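Only one structure is covered here, and it is reproduced in the block below.
Only heavy atoms go into these numbers, but all of them, side chains included; no hydrogens, no water, no symmetry mates. On a predicted model such as this, the values are computed, not experimentally measured, just so you know. Chain identifiers are assigned alphabetically (A, B, ...) following the order of the sequence lines, protein sequences preceding nucleic acid strands; residue numbering begins at 1 within each chain.
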Amino acid sequence: MKFFLSGNEAVAFGLLETKVRFISGYPGTPSSEIIPTAIKLKKQYNLKGYFEWSVNEKTATEEAVAASFANLNSAVVFKQVGLNVAMDPFMNAAITGTVGSLVIISADDPGPHSSQTEQDSRFLAFFAKIPVFDPSTPQEAYEMAKCAVNFSKENELPVMLRTTTRISHSRKDIEINTDGFKNDLDIDFKKNQDRFAATPHFRYLLHKNLNQKIDKISQNNTPKMFFNGKTLIITSGVSFAYLYDLVIRYKLENKITLAKFDMPYPVNQDNLQKTVDTYSDTIVIEESYPLIEMQIKNRTSVKGRLDKTVPNEGELTIDTIKNILIETKILNTEKSDIVKPPFKKPSLCPGCGHRSAFFAIKNVFKDDAIYTGDIGCYTLGINLNAVDTVHCMGASVSFAFGFDKAYSLANKKKPIVATIGDSTFFHSGITPLIDAVHNKASFLLVILDNSTVAMTGNQKTPSDSEDSFDNPANSIRIEDIVKALKIKFFKTEDAYNLESSEKILKMAKKFIETNNEPAVIILKHPCVYTKEGLSKNIHFNNVFVDEKLCKGCRICIEKFECPALVFDDTKNVVKIDAATCINCGQCVKSCPFNAIRIEK
Amino acid sequence: MKIAILSLGGMGAISLSKIIAQIAINSKLSVKSTEIHGMAKKGGLVEIHMKIDEVDLSPFISKNEADFIILFDAMYKDYALYFGNNIIGLTENDKNYVISKFKDIKFANSFLLGRFIGAQSIFTKNDALKILENFKNKDENIMALEDGFNDI
Ligand code: SF4
Ligand code: SF4
């Protein structure tokens with residue numbers, strides 16, 4: 001039967017068909033749809049299997065590694081920066097090897113479209129010495145997911161499947177055989193201390209074993225060849241699809257030979273060198289970093305990223321690749337002007353509780369504080385000038401710590417306000433908070449709790465009382481964690497209650513001015529992007545701007561920045577956009593002239 | 001057939017692309033698409049490229065290549081023209097019409113589906129109705145489709 005599947009959905013189908021029955025991970029664009037698809041399939045086909053979000057990528061990877069040791073086919077799923085968090089168990093899984101399959105799915109985001117880095121996960125496969133598959137279409141993502149599972153099993157090695165945004169979020173009609181889901185499992189952990197608990201002294205033997213496996217795999221890894229031209233272009237992943245389409249579109253079959261690696265590491269280097277040597281010109285075009293290129297031993301006739309023929313940053317779009325072919329005189333046509341859509345500043349959703357929280361924080365701390373932010377929707381607190389740093393998951397808390405210690409060394413007192421979401425707090429905000437309590441750092445931590453991982457599609461968090469299958473789960477309350485740390489100033493409020501939020505924020509400000517301790521406030525409000533959150537949200541009959549009272553000063557737009565507040569240039573007043581406003585009334589307080597009115 | 005869809009988050013553009021894809025699959029035509037959206041959930045640009053019955057491996061559409069551009073918001077008109085001239089658009093009036101009649105801007109997708117079906121010649125209105133019939137809000141969706149098709 002044909003399904004119209006995204007690359008991510010196709011990966012989930014591929015994994016389940018090859019009997020992967022343990023998938024763990026942490027949400028992150030563009031990887032987030034794999035686990036939900038597995039969950040859906042499990043329900044639909046009544047499968048045995050554990051498919052669930054974990055608390056962070058390191059934990060998720062360790063869980064999957066252990067499941068593989070017990071001879072269960074397993075996978076772990078995250079975005080590229082998630083792999084950084086998982087590096088410790090990831091590296092060692094290559095050394096110990098695996099028993100049941102272990103596929104590591106890392107979704108890269110060249111561009112970047114929604115990430116802090118453009119890193120190439122394939123380099124980390126190379127670093128760990130594990131094979132990596134690099135699909136060029138959703139169809140290949142499906143097939144390579146299955147290949148990766150079988151390949152891992154055969155070689156007793158973790159195998160990486162690297163996707164990119166364009167693969168994960170593209171769709172294709174794919175033929176799926178839904179009879180392929182089997183339920184027979186053979187769980188057995190065979191103890192072997194020399195392998196699973198090896199002391200450093202013997203680890204070089206495991207490393208040697210790994211080197212032998214990689215050597216063997218590389219022997220058989222030669223590229224697939226397409227077309228028959230004078231210039232050799234070596235490629236893999238999404239770049240192959242673009243090159244293939246360009247060859248057909250511009251009839252370059254007699255100018256270009258394409259060499260495509262399904263597995264860009266480990267390649268057969270001698271064979272690759274021989275191929276390169278038979279062509280006078282070679283270009284390597286691969287998405288992100290020069291991984292295949294650097295495996296070519298003699299690169300004197302080779303162009304690519306290293307000699308800057310291929311740009312070293314930004315996404316390799318079809319137009320960028322077309323321009324490379326023009327510059328290298330393979331293609332003779334007009335260069336594409338690369339047009340980007342008009343930039344529109346992203347905003348928190350209309351009525352988002354985070355905006356109310358930031359508004360209250362700014363009213364109390366003004367421009368005096370250092371605002372350390374974190375990763376999630378609330379990164380967009382930058383629009384309210386309530387976020388000065390965004391670094392990596394959990395860094396709002398550790399940055400607040402570092403700033404406080406730095407300032408206090410110079411005997412300076414600086415108010416510091418850290419903001420973090422509930423899921424990010426669970427992911428890696430708890431450990432720096434422990435450090436702050438123990439080592440007495442003074443700052444205010446505001447936990448913006450909307451009870452969901454909103455940014456990536458509203459996944460569940462550990463505070464949920466149900467798991468992804470609606471079975472009862474133990475709800476971990478952030479309040480209890482904060483209380484266990486014996487935080488001396490700790491209060492909770494609904495972010496929509498602006499007045500009381502401001503009151504407790506003022507108290508917290510006093511507290512950190514006079515104590516060498518962190519203060520914690522939880523500002524709660526359910527995400528209004530979810531059906532449930534929106535239906536339960538306060539909803540007035542109408543919220544409107546009284547044109548007679550509006551002075552056209554734009555204070556509401558600047559201070560509150562709800563995207564439903566728009567300036568009407570013809571009338572010189574602000575109006576509320578009915579298509580996006582959710583009638584929450586939170587903007588009312590932002591107008592000093594009481595021009596925003598509520599009809600109850 | 002190459003189609004570009006430009007929309008704002010929350011207006012149902014992605015489901016529109018899935019409906020068109022299902023129509024293609026039912027007609028035994030190959031289909032591929034790609035979607036890209038920025039950080040903003042509501043109100044941010046959602047850009048979808050689709051190819052139906054084309055040999056290309058990649059769904060991306062280049063300059064002047066689109067047979068149709070389905071445009072949910074006039075804000076992206078200039079950007080739409082990069083892909084081609086054949087724009088199927090939603091005016092401010094259409095928007096207000098959809099909101100007042102169906103109480104949710106989401107039905108703009110079935111409305112534009114109707115307009116698209118009217119504009120092209122591969123698929124029939126019945127092909128589209130067959131898909132909408134399985135929808136939760138099938139009555140509203142079918143009404144919106146008819147409105148778009150008849151170009152109120
Ligand atoms: S998705 Fe939820 S948390 Fe994110 S901006 Fe929208 S309302 Fe706020
Ligand atoms: S009532 Fe005000 S804050 Fe709420 S969504 Fe509408 S414009 Fe935005």
Side-chain angles (χ1 to χ4, degrees), chain A residues 2-4 6-7 29-30 111 113-114 136-140 165-167 169-173 238 240-246 248-249 317-319 322 334 336-337 339-352 377 379-380 454-455 457 527-529 563-564 577-580 582, chain B residues 6 8-11 14 17-22 24-26 28-45 47-52 54-63 65 73 75-83 92 95-96 98-100 104-106 108:
Chain A
K2 280 215 158 155
F3 292 86
F4 190 53
S6 71
T29 315
H113 298 281
S114 42
S136 61
T137 59
Q139 178 81 44
E140 278 195 1
T165 306
R166 302 302 191 179
I167 301 299
H169 288 172
S170 287
R171 293 176 180 276
K172 189 184 176 303
D173 51 326
V238 68
F240 166 76
Y242 297 153
L243 280 159
Y244 187 93
D245 287 350
L246 288 168
I248 303 284
R249 188 174 311 162
T317 62
I318 190 161
D319 285 327
K322 181 178 152 194
E334 231 176 275
S336 293
D337 35 337
V339 172
K340 290 207 168 174
F343 179 73
K344 194 171 162 251
K345 206 161 78 172
S347 296
L348 292 162
C349 295
C352 175
C377 287
T379 294
L380 296 171
M455 176 85 170
C527 168
V528 295
Y529 191 70
D577 173 39
T580 47
I582 64 161
Chain B
L6 302 176
L8 301 176
M11 291 179 81
I14 292 179
S17 72
K18 287 187 187 167
I19 296 170
I20 296 177
Q22 197 53 52
I25 290 178
N26 290 356
K28 304 242 177 317
L29 297 176
S30 79
V31 52
K32 50 186 81 72
S33 77
T34 184
E35 60 209 45
I36 195 95
H37 26 89
M39 258 182 101
K41 297 221 152 170
K42 274 205 160 169
L45 170 67
E47 179 177 344
I48 301 167
H49 295 189
M50 289 191 91
K51 288 183 184 167
I52 295 170
E54 302 273 352
V55 292
D56 307 31
L57 290 181
S58 132
F60 282 92
I61 296 175
S62 301
K63 191 174 177 175
E65 257 190 13
D73 195 296
M75 181 165 75
Y76 293 111
K77 176 92 187 271
D78 285 342
Y79 186 51
L81 287 169
Y82 170 78
F83 296 106
E92 213 40 47
K95 242 190 215 176
N96 291 334
V98 170
I99 295 175
S100 68
D104 193 336
I105 187 68
K106 264 201 210 111

Counting heavy-atom pairs under 4.5 Å to chain A, which of [options] comes out on top?
options: B:M11, B:K95, B:K18; result: B:K18
options: B:I105, B:V31, B:D104; result: B:V31
options: B:I99, B:I25, B:L6, B:D78; result: B:I25

Exercise. Can you name the closest pair of heavy atoms from A:D245 and B:S58 and give their distance?
Worked result: OD2-N, 2.8 Å
Exercise. Which heavy atom in A:D319 sits nearest to a heavy atom in B:S62, and how many Å separate them?
Worked result: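 Minimum heavy-atom separation between A:D319 and B:S62: OD1-OG, 3.8 Å.
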Problem set entry | Under 4.5 Å from a heavy atom of chain A, the part of B:E65 involved |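 For B:E65, the contact with chain A is made by the side chain alone.
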Problem set entry | Heavy-atom contact with chain A under 4.5 Å, split by part of B:L29 |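 B:L29 touches chain A through backbone heavy atoms alone.
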Taking side chain as C-beta onward, heavy atoms only, is [X] less than 4.5 Å from [Y]?
X: A:R166; Y: B:I36; result: yes
X: B:K32; Y: A:Q139; result: no
X: B:D56; Y: A:R249; result: yes

Interatomic distance, [X] atom [atom1] to [Y] atom [atom2] [nearest 0.5 angstrom]:
X: A:K172; Y: B:L57; atom1: NZ; atom2: CG; value: 9.0 Å
X: A:D173; Y: B:Q22; atom1: CG; atom2: CD; value: 10.0 Å
X: A:R171; Y: B:I14; atom1: CZ; atom2: CD1; value: 7.5 Å

For this session: Can you tell which part of A:F4 gets under 4.5 Å to a heavy atom of chain B, answering side chain, backbone, both or neither?
Result: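 Contact with chain B: backbone and side chain both.
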Exercise. What part of A:S136 gets closer than 4.5 Å to chain B, counting heavy atoms only: side chain, backbone, both or neither?
Worked result: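 Looking at A:S136, nothing touches chain B.
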